[in-house]
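Below is one structure, written out as structure tokens; comments come after it.
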Amino acid sequence: MQKKSIKQIHQKLHHWYAQYGRHDLPWRHTEDPYHIYISEIMLQQTQVKTVLERYYFPFLEQFPSLTALANAPLDEVLKAWEGLGYYTRAKNLHHCANAAKPTLPTTFDSLVQLPGIGENTASAICAFAYKQPLAVMEANVKRILSRIFALKTPQKVQLQQLANQLLDKENPYDYNQAIMDIGSMVCTVKSPDCAVCPYASICLAREQNDFDYPEKKKKTVPTREDIIMIESQDNAVYMRQREGKFLHGLWGFESMKEGYEEMTYLGTVTQSYTHFTYKAKVYHDNAPKQKDRFFTKKEIAQLALSGVDKKVIKLLEKNKIL
DNA sequence: CATGCGTGGTT
DNA sequence: TAACCAAGCAT
């Protein structure tokens with residue numbers, strides 16, 4: 001592409017951003033790398049609205065600095081992350097805080113080595129916190145580039161090269177924020193508004209009137225069935241902290257495959273996840289073998305729980321077990 | 001490179 | 001309203 005046309009695109013983009021960009025986002029009003037880092041991790045696969053309205057401010061109030069985060073117990077961090085999903089993010093945050101305190105590294109190479117910081121997040125921190133000329137490469141940017149160059153199945157390297165070419169190296173901060181805003185407000189998945197798009201003059205998708213870029217692969221969503229066993233004693237229930245990758249660090253109940261026939265069926269809880277639908281029958285055993293770690297309703301309120309387990313708790317309250 | 005990982009918004 | 005998917009990362 002001609003340098004001249006790229007410069008024209010930058011001007012159009014800059015003009016659009018000045019008028020319509022989301023300038024009210026709080027992480028665009030800080031120079032603190034820690035604040036920007038927290039926003040980037042929260043925003044991974046998570047909508048701006050959720051982060052903005054429910055998590056960003058409370059988290060920073062509770063953990064106002066990298067050192068404060070490092071010194072907090074992991075369980076407190078998990079509790080602050082409750083409901084946000086992808087819980088290894090919370091574990092990685094805590095780990096990074098301890099590894100990097102009192103301040104984050106300032107280069108892409110050192111950032112990308114930290115757990116939970118991939119290439120996109122490292123680029124974003126460099127561009128937004130340190131004003132370095134790196135191109136972010138998240139879902140919005142991928143969609144925009146795929147459409148501009150009509151790439152149905154783009155390769156990672158190919159997209160990165162195109163992103164690097166289009167980047168405004170003089171203004172990496174505004175450029176990256178602007179292209180993400182274009183993705184979420186103009187070049188949307190379902191109904192792109194080419195009339196106001198700064199990239200319209202060079203966009204092949206617009207020319208072809210085909211916006212299915214990159215090509216979506218459809219998958220069937222399986223159902224995962226489960227049996228949850230509740231052991232209770234004196235208005236308290238046995239709970240344990242998960243260790244696997246799924247719902248890592250959150251507190252929950254035991255699953256079982258057999259031996260529940262003689263117990264009391266309480267009800268079924270369901271939860272839809274991206275890759276499967278979860279459906280669990282909940283049984284109650286009031287003659288528990290577990291000896292320790294029974295939690296009362298008040299104690300459970302202090303633990304980090306998943307959506308499913310919150311539904312189970314409601315079922316227990318309804319059955320007057322808690 | 002494909003898959004697993006949470007939850008809630010949007011259409 | 002079922003389906004898609006959002007400021008991705010690790011394996």
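Protein atom NZ of A:K156 is 10 Å distant from nucleotide atom C1' of B:dC1, rounded to whole Å. For the pair A:K217 NZ and B:dT3 C1', the interatomic distance rounds to 10 Å; values are reported in whole Å. The distance between atom CG of A:N92 and atom C1' of B:dC5, rounded to the nearest whole Å, is 12 Å. Atoms CG (A:D309) and C1' (B:dG6) sit 12 Å apart, rounded to a whole Å. Nucleotide B:dT3 holds its C1' atom 10 Å from the NZ atom of A:K245, rounded to whole Å. Between A:Y55 atom OH and B:dG6 atom P the separation is 13 Å, expressed in whole Å.
Taking the six-membered ring where the residue is Trp, A:Y283 and A:Y260 present tilted rings, their angle falling between 30° and 60°. Using cut-offs of 30° and 60° on the angle between ring planes, the pair A:F276 and A:Y278 is perpendicular.
Taking for each of A:F128 and A:P115 the nucleotide of DNA chain C with the nearest heavy atom, the 5'-most of the two is the partner of A:F128. Annotation: of the two residues near DNA chain B, A:F246 and A:K219, the 5′-most nearest-nucleotide partner is A:K219.
The structure places CG of A:D193 at 10.0 Å from SG of A:C187, a figure rounded to the nearest 0.5 Å.
Going from the P atom of C:dA7 to that of B:dG4 covers 23 Å, rounded to whole Å. Distance check on atom P: C:dA3 versus B:dG6 gives 22 Å, rounded to whole Å. If you take atom C1' in C:dC5 and the same atom in C:dT1, they sit 16 Å apart, rounded to whole Å.
A donor and an acceptor atom, one from each side chain of A:D168 and A:N171, are located under 3.5 Å apart. Judged by distance alone, the side chains of A:S255 and A:D226 do bring a donor and an acceptor atom under 3.5 Å apart. Checking A:R89 against A:Q44 by side-chain atom types alone, no donor-acceptor pair falls below 3.5 Å.
Between A:H23 and A:Y17, the ring centre distance stays below 6.0 Å.
Scanning DNA chain C 5' to 3' for nucleotides with an atom closer than 4.0 angstrom to a non-hydrogen atom of chain A gives a first and last hit of C:dC5 to C:dT11.
Residue-level contact check: A:S272 touches the bases, meaning some heavy atom is under 4.0 Å from a base atom.
For the pair A:E225 (side chain) and A:K279 (backbone), a donor-acceptor distance under 3.5 Å is absent.
Salt-bridge annotation for A:E317 and A:K314: absent, with no side-chain N of the basic residue lying under 4.0 Å from a carboxylate O of the acidic one.
OP1 or OP2 of B:dC1 sits under 4.0 Å from a side-chain N or O of A:Q155. The side chain of A:Y273 contributes an N or O atom lying less than 4.0 Å from OP1 or OP2 of B:dT7.
Put simply, A:H275 rests on the base of B:dC5: the two rings are less than 5.5 Å apart at their centres and nearly parallel, under 30°.
Between the side chain of A:T274 and the base of B:dT7, at least one donor-acceptor pair of N or O atoms lies under 3.5 Å.
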What's touching nucleotides 9-11 of chain B from the protein side, N or O pairs under 3.5 Å?
{"residue": "B:dG9", "atom": "O4'", "partner": "A:Q47", "partner atom": "OE1", "Å": "2.9"}

